[in-house]
Amino acid sequence: MNYLDAMMMVGLDIINGERTQSSIYHLLKGKKTSQTIQDAQLFGVSPQFQIYPALSRKNYDQRLSGLLQKDFLAEQRDGIIVVTASGKKALSDFFEVRPVPYDLNGWKYQKSAPVFWHRLTLMIQTASNLIHDRQRFLPVSRDIHIQNWVRHHVKQSNRALLDYTQQIHKELMEVLTLTNFPDTPELVVQKLSGFDMIGLTNQQIAERLGCDAADVYLRFLNSLHFMVAAVEKRTGDYPVLSEMMMLENTGNTLLTKSTAETFTYLSKQYSIEQIAALRNLKKSTIEDHVLEIALLDPDFDMNLYVQDELIKEIRSAGEDSKRLRFIKDSVPEADYFQIRLVLATSERDGMSWRNYFMRNLGIHHSV
Amino acid sequence: MEKLLYEKFGYSSFRLGQKEIISSVINHKDTIAMLPTGTGKSLCYQYPSYVNNNRVLIISPLLSLMQDQVDQIKLRGEKRVTAINSFLTFKERKQLIANLEAYRFIFLSPEMLNSNEVLQKLKEIGIGLLVIDEAHCISQWGPDFRPDYLRLGHLKKTLGSPCTLALTATATEEIRKDIAKKLNLNNWKEWVYSVNRPNIALEVNTFNDVAQKENKLLLLVQRNTAPGIIFFSSRKKAEEMQAAASARHVSCSVYHGGMETDQRILIQQQFINGQLDWIFATNAFGMGINKNNIRTVIHFHMSSSVENFLQEIGRAGRDLKQAHSILLYSANDEFIPLQLAELEKPALEQIENFYSMFKRDMPINEIQEKLMLTDTQVRVLRYYIQHEPAEHWAERINHLLEKRVNSKKEKVMEMKSYIETDSCRRAKLLAFFEESPSAEADHCCDNCGIGNMVMNREKSSYKEVNWKEKLDRLLIKNE
Ligand SMILES: Nc1ncnc2c1ncn2[C@@H]1O[C@H](COP(=O)(O)OP(=O)(O)O)[C@@H](O)[C@H]1O
Ligand SMILES: [Mg+2]
Ligand SMILES: [Zn+2]
């Protein structure tokens, strides 16, 4: 069992048979469909969104049948797979001796974390070579956008370059030695390349740490998301690092194109019905857009669509089951859109995902 | 001439053949050039561009190789270089094509020849020199036949028949004729240099079983001169042997196509930087990397043709200093490449079904899935269905592909005869190219007697340190 297995099992356990096993594949892979996005929020598994963007269906299926064979999972009926008691035991044993990736926030950092990391690595490689008077080297990142960003931000004059490089050093030291840093900084620093030093692969880091390469990947990701969150929280302390995680056109870059258009109308106070008519789209399509926006926009005002009283009722019904039909039956005055909206936004911070480890596996937060 | 060579490329003199080939290209002559791997063919199309001040289009068959070449040209300070291939997203490709005029060197992967948008743009911006790298891929009789390469004749016409340079490391006379014909070369000049690499000593070790061979490999990586590459035909075996070597404290890593790109880049660069002694690789490794001091190339599995073998050992000793090729053979090793050759051909039934499904407009990926065809098989069949007449299509294509299987099998057996020979291996290799050794090699082959080779290994200063020290070393300049 490795972290991928563990993340699959956690996801399956949280959806608890209310969705097919495929939905977990789409979640981990980060498929951008309303279904996946809404489910991620609905069930509170958004921290796991897109944490394995390179996961192939074949690999996923293989791990799944491995877990079924070990009886950690059981297939209830076609496509519906739940975690067994021995599976839960295995999960908590697994995390007994390994860090729980509490800091993962796949949904929130799907764009900023990889951009930050690629800029950071290429900038360090560039600055490190330049301060050692080497002008030419093979870049570790071939992404042209990343290369352009680094070219624009690397300091030209010698003095400024040295200051800048020292500042990166200072900020990195600071964030890596925070008392609540979730894992060993080796995971982060050994990946970096620079003058006469090429970074290590996951496999090589795994050998150093005596663990599995697949585990290095996820533990690193968890540390990376921790760093992004820590920098975001106190940008003033990290001027250079926070600049590296700034997305070019902030705001609605995460929205799909059609949703972005709906967003523009919404900000001009159009109603859902008006937008549907104007854009010649179905009302339900616009509602999907509104849901997507609600998940990403911290200033979204839900009261435009549901009153507080109803929100409370829907939330409490949602404690018992996430099935829309069930909630609709217990709160008949709410419509489906209102139910989805409330359920989705109540899980926005991923708290229930973090709580899962304590509530369901009896693991206590170690830091 | 040498002045420009130094200014642009940092080399002080031309290597054998380069000056002749370059002159021929500068004088706008269609040219076929055959120079052994690792001796410097890339220079032959880059240099003329600075003299004639024109744009160069390079067709290169291997995606990974293409990216390496782009990197290397950038590394010497030339920024106007780019590659159009399937790695690009739709949007990136659009942007690049809109801006294509800005580039002096444009690399193109063969499958992009199917895009009219690309062809029209190339025509519009004008190409001064068309380069076909690994030109032997155009020949159906060569071991690396690429059907997309057959579109090159069309490309050349579309571009208004610019001066064309075909580069290859390995092509028999028959294949060179085929290249000229398929590319519609006229009045071309041929520069053919010996495929011999006299600084590489040739050795073959034979074993009765695999276990013996494995033990020998582990000994070799502990005793022989690094840096080196060990070639495997299976990823799994490469991983297994690397783990065993690693357990014996040999500095090494695996490299194969199943790894993610960023991890592969790291391994390549670590090897170039001297952080790693040995790479356990499939033949995906090393063609494009610029490392001149590789001392040893070991084949754990035999190559599937003499041509590939030469390419692979050619990665050693590019600095022209002594290097060593060791092929490890255990009984029946030829079984795998023979079987692979067999498996590559779709069965007659699959070919027939492909035909009828294609004619019924079934989507290609659906056909592929239904008939369980590999990517290569689909590529080949698709090409033939578009370019061969319908009459008796399936039988004819079946026959054609059968012939290719047989010629591949012959190639494997040629390789086996290199292994089995008890006379000079160098002479044996060269005979496949209708050559005989001209100069005596200092350390020829195990059959002639290799003697005592002195190979120096450059020690690297690299040392693993903990994260704090590493961060200091990276970012703080110690005066
Ligand atoms: N004239 C030269 N002097 C010194 N080194 C050269 C010269 N020409 C090429 N090289 C080096 O030879 C190596 C192989 O060149 P490359 O063009 O990639 O070979 P090929 O394409 O023939 O396999 C490169 O490392 C290159 O830097
Ligand atoms: Mg070449
Ligand atoms: Zn000999």
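Because the structure is a prediction, the values reported are computed rather than measured. We use all heavy atoms of the structure for the numbers below, so side chains are in, but hydrogens, waters and symmetry mates are not. The sequence lines fix the lettering, A, B, ..., with proteins before strands; numbering per chain opens at 1.
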Within-4.5 Å side-chain heavy-atom neighbours: A:His169 and B:Asp472: yes

Heavy-atom check, side chain of B:Gln269 versus side chain of A:Val140, under 4.5 Å: yes

Residue pair A:Leu176 / B:Trp467, side-chain heavy-atom distance below 4.5 Å: yes

N/O donor-acceptor pair under 3.5 Å between B:Gln263 side chain and A:Asn202 backbone: yes

From A:Trp117 atom CH2 to B:Asp262 atom CG, the distance as rounded to the nearest 0.5 Å: 10.5 Å

Those residues of residues 204-213 of chain A, ordered by number, that approach chain B below 4.5 Å (heavy atom to heavy atom): A:Gln204, A:Glu207, A:Arg208

CD/B:Glu369: more than 12 non-hydrogen atoms of other groups inside 6.0 Å: no

Verdict with reasoning, A:Leu138 to B:Ile272, per side-chain contact (heavy atoms from CB on, under 4.5 Å): CA-CA 10 Å; A:Leu138 288 168; B:Ile272 294 172; 4.1 Å; yes

Options B:Glu92, B:Arg76, B:Lys74, ranked by heavy-atom pairs under 4.5 Å with chain A, top entry: B:Arg76

Interchain contact, A:Ser193 with chain B, by part (heavy-atom threshold 4.5 Å): both

A:Leu192 to B:Lys470 - nearest heavy-atom pair and separation: O-NZ, 2.8 Å

B:Glu260 versus A:Ala54, closest heavy-atom pair with distance: OE2-CB, 3.8 Å

Flag side-chain contact, heavy atom, 4.5 Å: A:Thr165 against B:Leu474: no

Derivation and outcome, side-chain contact (heavy atoms from CB on, under 4.5 Å), residues A:Leu200 and B:Leu266: CA-CA 7 Å; A:Leu200 304 186; B:Leu266 291 176; over 6 Å; no

Electrostatic pair B:Asp71:A:Arg142 at N-O distance under 4.0 angstrom: yes

Interatomic distance, A:Phe195 atom CZ to B:Asn273 atom CG [nearest 0.5 angstrom]: 9.0 Å

B:Gln275 (side chain) donor-acceptor with A:Met197 (main chain) under 3.5 angstrom: no

Selection from A:Gly199, A:Gly194, A:Pro139 maximising heavy-atom pairs under 4.5 Å formed with chain B: A:Gly199

Interface moiety of A:Asp143 toward chain B, non-hydrogen atoms closer than 4.5 Å: neither

B:Val70, part contacting chain A, at a heavy-atom distance under 4.5 Å: neither

Test salt bridge (charged side-chain N to carboxylate O under 4.0 Å, His left out) applied to B:Arg473 and A:Asp196, step by step: CA-CA 10 Å; B:Arg473 285 191 182 205; A:Asp196 263 359; over 6 Å; no

Which portion of B:Leu96 sits near chain A, non-hydrogen atoms under 4.5 angstrom: neither

Donor-acceptor contact present, side-chain A:Gln190 to main-chain B:Val465, <3.5 Å: yes

Sequence-distant partners of A:Asn129, side chain to side chain donor-acceptor pair (under 3.5 Å), two or more places apart: none

Minimum heavy-atom distance A:Thr201-B:Gln270, with the two atoms named: N-NE2, 4.0 Å

Part of B:Ile265 within contact of chain A (heavy atom distance under 4.5 Å): side chain

With A:Ser56 via side chain to side chain donor-acceptor pair (under 3.5 Å) - residues at least two apart: none

B:Lys468 side chain reached by A:Met173 side chain, heavy atoms, under 4.5 Å: yes

Atom of B:Lys477, atom of A:Leu162 and distance for their closest heavy-atom approach: CB-CD2, 4.5 Å

Which residues share a side chain to side chain donor-acceptor pair (under 3.5 Å) with A:Gln62, sequence neighbours left out: none

